[in-house]
Amino acid sequence: MQGTEYGDEELKQTMARELKERLLEAEKEGRPLRVYCGFDPRTSDLHLGHSVPMRKLRQFQELGHEVTFVVGSFTSLIGDPSDKDKLRPRLTADEVRHNAATYAEQAYKILDREKTRIRFNSEWLAGLSFEELINLASNFTLQQFITRDNFRKRWENGDPIYLHETFYSIMQGYDAHALQTDVQVGGTDQLFNIVTAARKIMTFLGDKPNIAIILGILPGTDGEVKMSKSLGNHIPLLSTPEDMYGKVMSVPDKAMGAYMRLVTRWTPDRIAALEADLRSGAVHPRDAKMEIAREIVSIFHGEESALAAEEAFKKVFQQRDLPDVMAEYGLQPGQTVLDVLLAAGLVASKSEGRRMIEQKGVRLDGTVLERADAAFPHPGVLQVGKRRFVRVK
RNA sequence: GGGCAGUUACCCAAGUGGCCAAAGGGGACUGACUGUAAAUCAGUUGGCAGACGCCUUCGGAGGUUCGAAUCCUUCACUGCCCA
């Protein structure tokens with residue numbers, strides 16, 4: 001149960017015990033466990049944070065269990081309020097379809113394509129009647145929702161909490177019933193949805209409640225808060241190897257533990273050993289992080305690409321050399337430095353370009369350019385800041 | 001349905017007629033230092049010109065005024081209290 005995080009020892013014990021019982025039971029019945037995790041198709045590109053529950057699903061697959069990847073096509077009409085202190089914008093059906101389409105392909109970077117069932121929760125949620133909803137809803141009190149941290153904060157801040165946001169938990173609980181699952185995987189932000197809502201609804205509907213596997217939340221590249229695209233601290237699964245490697249390296253040291261436990265394929269023993277070496281000083285934190293970065297890139301792009309990305313990283317950032325590949329721009333006659341910066345897309349506006357030049361952030365072949373209005377000196381590698389490069393020809 | 005308060009830049013938030021492109025904080029970006037880390041320090045953070053200046057922006061629309069984020073009308077949305 002590496003990477004699990006219940007925030008409550010008793011709950012953890014209960015879940016571990018139930019899981020054991022369920023395993024024995026399933027074995028007796030000669031069937032694998034039915035395991036599922038729901039994903040919100042809010043965005044079309046998944047990031048490392050999404051990979052955490054997928055990794056757990058993959059482990060179940062490898063142990064021979066049956067894994068269902070649920071696309072929250074219906075739930076995303078609401079948007080899960082769990083990790084949010086604000087109302088989420090509702091998606092249109094078209095957006096959901098489009099996002100879901102690209103979703104599965106990315107998921108297969110982790111999951112075993114042959115062994116994964118994909119389901120859309122609109123299959124069973126769209127047909128629920130108002131009467132059924134009333135029955136389900138009667139299992140919950142308003143207080144249970146309001147005392148949840150995310151709702152409580154909004155309540156205290158005087159921010160709006162919409163009625164339909166409370167449906168989310170109920171809908172997710174119904175997913176578990178519809179799929180007759182044994183195990184549900186999710187992050188700590190899903191604690192209420194899984195442990196309270198889903199189990200309650202399953203019990204109410206006469207099922208044996210599913211077991212919650214609650215995983216830690218992966219912090220973003222800032223090392224502080226949950227990885228999310230909207231916060232801009234995410235590492236997309238579709239990043240290039242170089243980009244992914246660099247982004248992992250930019251994660252603060254204090255988050256290394258979380259990355260090792262939640263993203264890598266490493267065993268607990270291996271992680272413990274590396275952490276011990278870090279503590280004793282036998283391994284430099286940078287080298288440890290490079291190992292993590294290489295491992296993570298390997299998962300998504302393979303060993304070879306990961307090694308290449310590492311070489312590129314060393315070259316550009318440790319030796320302050322230039323990357324091998326960069327965008328190109330064809331110099332036009334009569335262009336000033338500023339013109340080229342803008343036309344090559346290195347800056348968003350002329351004002352920004354001037355600012356960059358004033359701040360000595362613009363270099364041509366390593367020489368700082370001081371004059372925005374001067375004619376562009378000569379073809380070469382134009383650099384803005386540390387990581388924006390264009391080869392001007 | 002009634003009363004009151006509110007809606008400001010990426011986010012939070014100050015500003016109640018000119019000195020407001022709009023304080024402060026966060027974030028982001030640049031530079032120094034580094035391990036492209038963190039922390040720290042210095043700076044930048046609407047656009048066009050870059051010297052003066054001009055233009056767009058303070059929920060939407062309209063109005064008062066030489067002049068509006070600030071006053072008035074109206075519409076939309078939110079919170080609180082009452083029903």
Side-chain angles (χ1 to χ4, degrees), chain A residues 84-90 146 151-165 219-235 239-260 277-278 281-294 296-297 309-323 326 336-339 341-343 345-364 366-374 382-389:
Chain A
K84 276 287 182 177
D85 49 10
K86 271 187 185 163
L87 176 72
R88 301 186 121 187
R90 297 171 59 175
I146 289 168
F151 284 137
R152 200 187 61 232
K153 275 188 196 136
R154 281 158 68 178
W155 180 281
E156 284 166 0
N157 288 339
D159 290 331
I161 301 166
Y162 289 89
L163 195 56
H164 72 266
E165 295 183 79
T221 49
D222 59 307
E224 296 287 343
V225 294
K226 178 180 176 176
M227 181 175 288
S228 102
K229 190 183 180 184
S230 57
L231 292 173
N233 65 357
H234 68 308
I235 304 177
S239 316
T240 61
E242 290 76 21
D243 212 32
M244 189 180 273
Y245 192 97
K247 285 207 165 86
V248 174
M249 287 306 287
S250 78
V251 170
D253 291 0
K254 64 183 172 192
M256 283 199 286
Y259 275 69
M260 284 191 265
D277 283 344
L278 276 169
V283 171
H284 191 287
R286 177 200 54 222
D287 296 328
K289 209 188 290 176
M290 287 174 77
E291 239 181 279
I292 295 171
R294 199 190 319 129
I296 292 176
V297 176
E310 182 163 286
E311 285 314 306
F313 176 83
K314 283 183 186 163
K315 196 172 172 202
V316 176
F317 296 109
Q318 292 183 356
Q319 294 152 30
R320 290 293 157 104
D321 208 341
L322 298 170
M326 62 182 100
T336 62
V337 172
L338 199 54
D339 293 335
L341 284 175
L342 187 64
L346 288 168
V347 295
S349 70
K350 286 194 176 182
S351 297
E352 189 191 329
R354 285 209 159 86
R355 250 178 258 134
M356 288 302 123
I357 289 166
E358 274 166 27
Q359 295 177 142
K360 308 211 181 304
V362 178
R363 273 171 293 252
L364 179 63
T367 311
V368 174
L369 297 177
E370 309 270 2
R371 300 267 321 277
D373 295 327
L382 186 61
Q383 180 180 1
V384 174
K386 282 175 190 147
R387 56 186 77 184
R388 277 176 277 173
F389 301 90

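Reckoned from all heavy atoms, side chains included, excluding hydrogens, waters and symmetry mates. The chains referred to below are lettered A, B, ... by the order of the sequence lines, with proteins before strands, and numbering in each begins at 1.
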Fill in the blank from the handout: Reading nucleotides 48-56 of chain B from 5' to 3' and marking B where a protein heavy atom lies under 4.0 Å of the base, S where only the sugar-phosphate is that close, and - otherwise, the string is SSB------

Problem - Phosphate-side-chain proximity, A:Arg355 and B:rG47, N/O vs OP1/OP2 below 4.0 Å - result: yes

Practice task
Taking only the side-chain nitrogens and oxygens of A:Arg286, find out if one of them lies under 4.0 Å from OP1 or OP2 of B:rA38.
Solution key: no

Quote, to the nearest angstrom, the [atom1] distance that separates [N] from [M].
N: B:rC58; M: B:rG35; atom1: C1'; value: 44 Å
N: B:rG47; M: B:rA42; atom1: P; value: 25 Å
N: B:rC66; M: B:rC52; atom1: C1'; value: 23 Å
N: B:rC20; M: B:rA69; atom1: C1'; value: 8 Å
N: B:rA21; M: B:rU65; atom1: P; value: 23 Å
N: B:rU16; M: B:rC29; atom1: P; value: 34 Å
N: B:rU30; M: B:rU64; atom1: P; value: 48 Å
N: B:rG6; M: B:rG59; atom1: P; value: 13 Å

Got a salt bridge between [X] and [Y], using NZ or NE/NH1/NH2 to carboxylate O under 4.0 Å?
X: A:Asp373; Y: A:Arg354; result: yes
X: A:Glu311; Y: A:Lys315; result: no
X: A:Arg355; Y: A:Glu358; result: no

Give the rounded distance in Å between these two atoms: [atom1] of [X] and [atom2] of [N].
X: A:Met356; N: B:rG43; atom1: CE; atom2: C1'; value: 11 Å
X: A:Glu291; N: B:rG35; atom1: CD; atom2: C1'; value: 15 Å
X: A:Ile292; N: B:rG35; atom1: CD1; atom2: P; value: 18 Å
X: A:Tyr245; N: B:rG35; atom1: OH; atom2: P; value: 15 Å
X: A:Asp159; N: B:rG6; atom1: CG; atom2: C1'; value: 12 Å
X: A:Asp253; N: B:rU36; atom1: CG; atom2: P; value: 12 Å
X: A:Trp155; N: B:rG79; atom1: CH2; atom2: P; value: 10 Å
X: A:Asp287; N: B:rG35; atom1: CG; atom2: P; value: 11 Å

Could you pull out the closest heavy-atom pair between [X] and [Y], with the gap in Å?
X: A:Tyr259; Y: A:Thr221; value: OH-N, 4.1 Å
X: A:Met260; Y: A:Ile292; value: CG-CD1, 3.5 Å
X: A:Tyr245; Y: A:Arg294; value: CE1-N, 3.7 Å

Using purine N1 to pyrimidine N3 plus N6-O4 or O6-N4 for Watson-Crick, or N1-O2 and O6-N3 for G-U wobble, both under 3.5 Å, which nucleotide pairs with [N]?
N: B:rU45; answer: B:rG27
N: B:rC77; answer: B:rG6
N: B:rC71; answer: B:rG63
N: B:rU36; answer: none

Handout entry: Proximity to the side chain of A:Arg387 - top-ranked nucleotide from B:rC29, B:rU36, B:rG35
Key = B:rU36

Base, sugar-phosphate alone, or nothing: which one does [X] contact when heavy atoms must sit under 4.0 Å apart?
X: A:Gly246; value: base
X: A:Val251; value: sugar-phosphate
X: A:Lys254; value: nothing

Problem - CA sep, side-chain torsions, deciding dist, call: A:Met356, A:Leu369, side-chain contact (heavy atoms from CB on, under 4.5 Å) - result: CA-CA 10 Å; A:Met356 288 302 123; A:Leu369 297 177; over 6 Å; no

Report each atom pair, protein N/O against N/O of nucleotides 31-33 of chain B, whose distance is under 3.5 angstrom.
residue: B:rG31; atom: OP1; partner: A:Arg363; partner atom: NH2; Å: 2.9

Practice task
May I ask you to test the A:Leu346-A:Val362 pair for a side-chain heavy-atom distance under 4.5 Å?
Solution key: no

Fill in the blank from the handout: Walking RNA chain B from its 5' end, the first of A:Met249 and A:Asn157 to be reached, judged by nearest nucleotide, is A:Met249

